[in-house]
> 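Shown below is the structure under consideration.
For clarity, every value in this text was computed on a predicted model and none was experimentally measured.
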Amino acid sequence: MKLPVFSKIFTPVNTLLFSGVIAAFHLGKVSPALKSIHLQPEITIVQSAFLLSLMQVAGALSGVFAGLICSRVGSLRSLLIGHFLLFCASIAVFLIISPSQLLALRAIESVGYLMIVLPTPGLIREIVPASKLSFCLGLWGCFVAIGTSASFVTGPYILELAGWKTWWFIAAVLSALSALLLYLYVNPVLSRINVSTISNTISRTIWLRTFITVLKNSNAWCLGIAFGIYTGQWITIIGFLPVIYSGAGIGKIMAGMLTAAAAFVNILGNVVAAVLMHRGFKKSRILITGYVLIMVMPVFAFSDFTPDIFGVKYIAVLLFSAIGGVIPAITYALVVQISPSEETIAGCVGWVQQLTSIGMLITPPLIAEISLLARGWEWTWTVTCSGALIGMFLSARVATRCEKNLQRD
């Protein structure tokens with residue numbers, strides 16, 4: 001039974017966006033808690049990096065399979081299972097005593113996260129009119145920024161008052177709420193438009209053919225590698241900001257607020273990209289502009305070549321995050337566009353997510369190791385600049401192909 005008070009707020013699209021935001025809340029909940037997690041033995045800086053990146057382990061190992069499995073299980077059921085896994089893994093922290101156990105729970109959370117983010121773009125495509133699809137998919141690209149920034153803002157206060165395990169419990173409750181809302185507000189709409197919410201009875205032969213089709217899609221490879229490079233950079237820089245600022249003598253709450261602002265402004269880029277796509281601007285030009293600017297900003301933020309003024313460096317971090325927001329918005333729009341058929345959307349999203357997850361899995365530990373060797377964060381910009389150059393070439397190539405195909409049609 002629906003809750004009438006919330007019917008106008010939790011439209012099907014808004015409910016799906018909220019579901020993604022809560023998944024991203026779990027993604028971001030570790031960062032403000034890194035200094036507060038007390039286990040035996042204490043967590044090292046490299047283990048902290050893996051706590052940030054392990055949320056991507058399921059996607060890195062099995063993204064394309066998970067996408068096809070989500071299609072077979074049913075999109076809505078996949079989302080519900082995902083939130084159930086996030087709920088259980090978050091509650092289980094009350095039973096752990098060592099960092100290795102926490103890392104294992106984080107890996108379980110990665111499965112839940114994957115089962116939420118893979119089917120959602122396809123669901124949005126099903127329930128949104130074609131005229132609004134690019135705009136809504138652009139908004140979907142905001143879910144990571146909104147969820148992580150919400151965790152950065154609220155985390156320091158709750159951690160100060162009640163500790164990190166209570167913080168995990170609150171994330172669990174939010175997943176339970178999201179699952180309830182999905183059942184109440186999305187399930188009836190999918191049933192009404194005859195979209196399967198339980199299972200997709202496709203044969204093994206068709207499943208295998210779909211799998212091969214996805215892996216042969218060169219556009220999906222290019223998008224996945226490019227997006228993995230960007231997201232790996234973003235989650236590393238944003239994820240380690242509380243540690244960097246605490247090391248600079250900034251208090252936990254202020255460090256959390258500064259980090260939250262840096263994550264939140266990423267939404268601006270997503271919204272701007274969504275509006276520009278809706279108005280017919282070329283995706284390739286938006287991508288090139290975005291990548292060029294995010295190549296420059298880390299130089300100002302971290303290198304020794306710029307003045308050691310906190311305000312200058314922090315503005316550069318804000319601009320890096322805000323401008324970078326155009327990349328996820330356009331990527332999610334492109335991945336739906338490059339899918340050969342309805343049946344391959346989740347698989348293509350899964351493969352892009354798998355390559356993206358690999359980038360998010362290896363980048364935080366890589367940059368953490370570089371910071372240890374350099375005894376500081378001064379050389380972070382070398383990794384981000386070289387990665388952005390590769391990402392720009394690959395993603396702009398895909399966008400250009402899609403634009404040429406539209407001109408032929």
> Test of understanding: with side chain to side chain donor-acceptor pair (under 3.5 Å), list the residues that count as partners of S19, not counting sequence neighbours.
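Partners of S19 under the side chain to side chain donor-acceptor pair (under 3.5 Å) test: H83.
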> Looking at T148 and A263, what are the two nearest heavy atoms and their distance?
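Result for this residue pair: OG1-CB, 3.8 Å.
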> Decide if atom CD of E160 counts as having more than 12 heavy atoms of other residues, nucleotides or ligands within a radius under 6.0 Å.
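No, CD of E160 has 12 or fewer neighbouring heavy atoms, counting only those of other groups under 6.0 Å.
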> Would you please test L17 and F143 for side chain to side chain contact (heavy atoms under 4.5 Å, CB included) and show each step?
CA-CA 7 Å; L17 292 176; F143 80 95; 5.6 Å; no
> With a cut-off of 6.0 Å (strictly less than), are more than 12 heavy atoms of other residues, nucleotides or ligands near OH of Y314?
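Atom OH in Y314 is packed in, count exceeds 12.
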> Ignoring hydrogens, what is the shortest heavy-atom contact between W164 and L159? Give both atom names and the distance.
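Closest pair (atom of W164, atom of L159, distance): CA-CD2, 3.3 Å.
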> Report yes if the side chains of R106 and V30 come closer than 4.5 Å at any heavy-atom pair, otherwise no.
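Heavy-atom side-chain distance check passes, below 4.5 Å.
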> Can you pull out every salt bridge (charged side-chain N to carboxylate O under 4.0 Å, His left out) where at least one residue sits in residues 323-338? Sequence neighbours excluded, please.
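Residue pairs passing salt bridge (charged side-chain N to carboxylate O under 4.0 Å, His left out), neighbours aside: none found.
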> Decide yes or no on side chain to side chain contact (heavy atoms under 4.5 Å, CB included) for L319 and L293, but give the supporting numbers first.
CA-CA 8 Å; L319 290 174; L293 291 174; over 6 Å; no
> Would you please classify the geometry between the F169 ring and the F94 ring as parallel, tilted or perpendicular, with 30° and 60° separating the classes?
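Ring orientation, 0 to 90° scale: perpendicular.
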> Determine, for R285 against E403, whether the closest basic-nitrogen to carboxylate-oxygen distance falls under 4.0 angstrom.
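Result for this pair is no, no salt bridge flagged.
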> Do I286 and K282 pass the side chain to side chain contact (heavy atoms under 4.5 Å, CB included) test, and can you show the C-alpha distance, the side-chain angles, and the key distance before you say yes or no?
CA-CA 7 Å; I286 303 171; K282 288 188 175 181; over 6 Å; no
> Given the rule in the side chain to side chain contact (heavy atoms under 4.5 Å, CB included) test, do L334 and L287 qualify, once you have shown the distances and angles that lead to the verdict?
CA-CA 11 Å; L334 285 174; L287 281 170; 4.2 Å; yes
> Counting the benzene-type ring for Trp, do Y332 and F227 have ring centres under 6.0 Å apart?
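Y332 vs F227: aromatic centres under 6.0 Å.
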> Distance-only, no hydrogens or angles: does the S151 side chain make a donor-acceptor pair with backbone N or O of G28 under 3.5 Å?
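Yes, S151 side chain to G28 backbone: donor-acceptor pair under 3.5 Å.
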> Name the orientation class of the two ring planes belonging to F320 and Y230 (parallel below 30°, tilted from 30 to 60°, perpendicular beyond 60°).
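F320 and Y230: tilted rings.
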> Got a sec: does the CZ of F264 have more than 12 other heavy atoms crowding it under 6.0 Å?
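No, the 6.0 Å shell around CZ holds no more than 12 heavy atoms from other groups.
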> I need the minimum non-hydrogen distance between I288 and A396, along with the two atoms involved.
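Closest approach of I288 to A396, heavy atoms only: CG1-CB, 3.8 Å.
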> Identify, with sequence neighbours excluded, every residue that meets side chain to side chain donor-acceptor pair (under 3.5 Å) alongside W168.
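In terms of side chain to side chain donor-acceptor pair (under 3.5 Å), with neighbours along the sequence ignored, W168 is linked to no residue.
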> Looking at every heavy atom in both V153 and A260, which two are closest together, and how far apart are they?
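The answer is CG2-CB, 3.0 Å.
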